[in-house]
Amino acid sequence: FLPRGAHKFEDTGIRSGYNSTLTLAPDGTVWLGGESVSPRPLMKHQRLLTRDESPGRLDPVKRLLVDRDGSIWGTDSLRGGVYRATPPNHDADTANPHSSNEMFTEAEGLTSNLAVPLLEDQEGNIWVGTNLGLNRFRATRFVREWRVPTSRTLYALAAAPDGSVWIASNEQLFEAHGSRCDLIASLPSPIRSAYREPSGALWLGTQEGLVELLDKKLNSLPLPAPAQ
């Protein structure tokens with residue numbers, strides 16, 4: 001990791017594996033997970049946590065999310081589907097801090113058990129992309145968003161402060177806000193990733209390069225030669 005203000009990365013000594021993922025919890029804790037690594041807190045308030053500080057026995061994940069209530073969401077790399085591990089009550093068994101685990105699969109309305117991206121929007125909804133559709137989790141069951149076509153390459157998701165959710169499916173970019181879900185743009189190349197920066201610009205990663213969406217205008221930036 002690179003400490004704030006430093007110019008040299010430090011080795012944590014933690015081997016996370018190739019297919020690993022990081023997420024930032026609302027309380028400032030950095031979490032690590034992966035297809036061969038169970039979710040665990042990695043750093044809090046610039047302090048690297050020790051190896052034995054673990055939330056309990058959780059399956060390895062493809063993607064990881066800690067929501068505003070402190071629950072851990074993971075797209076399960078072993079069994080498929082999505083699980084939610086809720087934080088304990090004050091009188092819970094401290095030997096198993098996340099004893100209340102829920103699994104969400106096709107039986108609970110998930111479009112497919114092959115799930116990867118996870119996102120929490122401003123309203124607290126959890127979005128899950130699978131190989132057969134996009135799902136939005138509210139208080140009870142998953143609700144399929146039929147207006148977004150099934151993606152051949154899974155989905156890319158990004159959230160905006162106003163509650164909007166940007167959804168990339170294949171070459172198409174959608175914006176969901178409230179009950180609306182509008183097609184914003186169609187690109188010549190499939191969209192692999194999405195990131196909204198604090199300034200308001202939305203960055204899209206495609207097979208051909210980066211695309212910036214700012215004030216509803218697209219600006220393409222080709223990849224440098226070594227990255228092509």
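The structure displayed is predicted, hence computed values, not measured ones.
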Worksheet item: How is the hydrophobic cluster of Leu2 composed, in terms of its other members, when Ile, Leu, Val, Met, Phe, Trp and Tyr link through side-chain heavy atoms under 4.5 Å apart, directly or indirectly?
Response: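 Other cluster members: Phe9.
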Just wondering, do [Y] and [X] contact through their side chains at under 4.5 Å, heavy atoms?
{"X": "Arg144", "Y": "Leu110", "answer": "no"}
{"X": "Leu114", "Y": "Lys62", "answer": "yes"}
{"X": "Ser169", "Y": "Thr150", "answer": "no"}

Worksheet item: Taking atom types as modelled and ignoring hydrogens, do the side chains of Asn170 and Gln172 form a donor-acceptor contact shorter than 3.5 angstrom?
Response: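 No, no side-chain donor-acceptor contact under 3.5 Å.
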Worksheet entry | Any donor-acceptor N or O pair under 3.5 Å, side chains Ser71, Thr86 |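 Absent: no donor and acceptor within the cut-off.
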Worksheet item: Excluding sequence neighbours, so at least two apart, what forms side chain to side chain contact (heavy atoms under 4.5 Å, CB included) with Ser16?
Response: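 Partners of Ser16 by the side chain to side chain contact (heavy atoms under 4.5 Å, CB included) criterion, ordered by chain and then number, come out as Ser20, Leu32.
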Practice prompt. Identify, with sequence neighbours excluded, every residue that meets side chain to side chain contact (heavy atoms under 4.5 Å, CB included) alongside Val30.
Written response: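 Only Leu22, Leu24, Leu42, Met43 meet the side chain to side chain contact (heavy atoms under 4.5 Å, CB included) criterion with Val30.
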What about [X] and [Y], same hydrophobic cluster or not, with Ile/Leu/Val/Met/Phe/Trp/Tyr joined at side-chain heavy-atom distances under 4.5 Å?
{"X": "Val148", "Y": "Ile191", "result": "no"}
{"X": "Leu64", "Y": "Met103", "result": "yes"}
{"X": "Leu214", "Y": "Trp203", "result": "no"}

Worksheet item: Does Glu145 have any side chain to side chain donor-acceptor pair (under 3.5 Å) partners at least two apart in sequence or in another chain, and if so, which?
Response: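 Partners of Glu145 under the side chain to side chain donor-acceptor pair (under 3.5 Å) test: Arg147.
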Worksheet item: Using the benzene-type ring in the case of Trp, are the ring centres of Tyr155 and Trp166 under 6.0 Å apart?
Response: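 No, too far apart.
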Discussion item. Taking the ring of Trp127 and the ring of Phe137, is the distance between their centroids below 6.0 Å?
Written reply: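 No, too far apart.
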Worksheet item: What's the spacing between Leu210 CG and Leu204 CG if we round to 0.5 Å?
Response: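 Between atom CG of Leu210 and atom CG of Leu204 there are 9.0 Å.
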Worksheet entry | Between CG on residue Asp121 and CD1 on residue Ile126, distance to nearest 0.5 Å |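 Here the interatomic distance stands at 7.5 Å.
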Please tabulate, one pair per line, all N/O donor-acceptor pairs under 3.5 Å involving side-chain atoms of residues 173-190, not counting sequence neighbours.
{"unit_1": "Glu175", "atom_1": "OE2", "unit_2": "Ser164", "atom_2": "OG", "d": "3.2"}
{"unit_1": "His177", "atom_1": "ND1", "unit_2": "Ser164", "atom_2": "OG", "d": "3.1"}
{"unit_1": "His177", "atom_1": "NE2", "unit_2": "Asp162", "atom_2": "O", "d": "3.2"}
{"unit_1": "Arg180", "atom_1": "NE", "unit_2": "Asp182", "atom_2": "OD2", "d": "3.1"}
{"unit_1": "Arg180", "atom_1": "NH2", "unit_2": "Asp182", "atom_2": "OD1", "d": "3.4"}
{"unit_1": "Arg180", "atom_1": "NH2", "unit_2": "Asp182", "atom_2": "OD2", "d": "2.8"}
{"unit_1": "Ser189", "atom_1": "OG", "unit_2": "Gln207", "atom_2": "N", "d": "3.3"}

Item to complete: Would you list the pairs meeting salt bridge (Lys or Arg N to Asp or Glu O under 4.0 Å) in which at least one residue belongs to residues 67-81, sequence neighbours left out?
Response: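 Of all non-adjacent pairs touching residues 67-81, those that pass salt bridge (Lys or Arg N to Asp or Glu O under 4.0 Å) are Asp59-Arg79, Arg68-Glu120, Asp76-Arg79.
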Worksheet item: Side chain of Ser38, backbone of Leu58: donor and acceptor closer than 3.5 Å?
Response: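 A pair under 3.5 Å: yes.
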Practice prompt. Any chance you could lay out the side-chain contact (heavy atoms from CB on, under 4.5 Å) test for Val66 and Thr29, step after step, and finish with the verdict?
Written response: CA-CA 9 Å; Val66 182; Thr29 303; over 6 Å; no
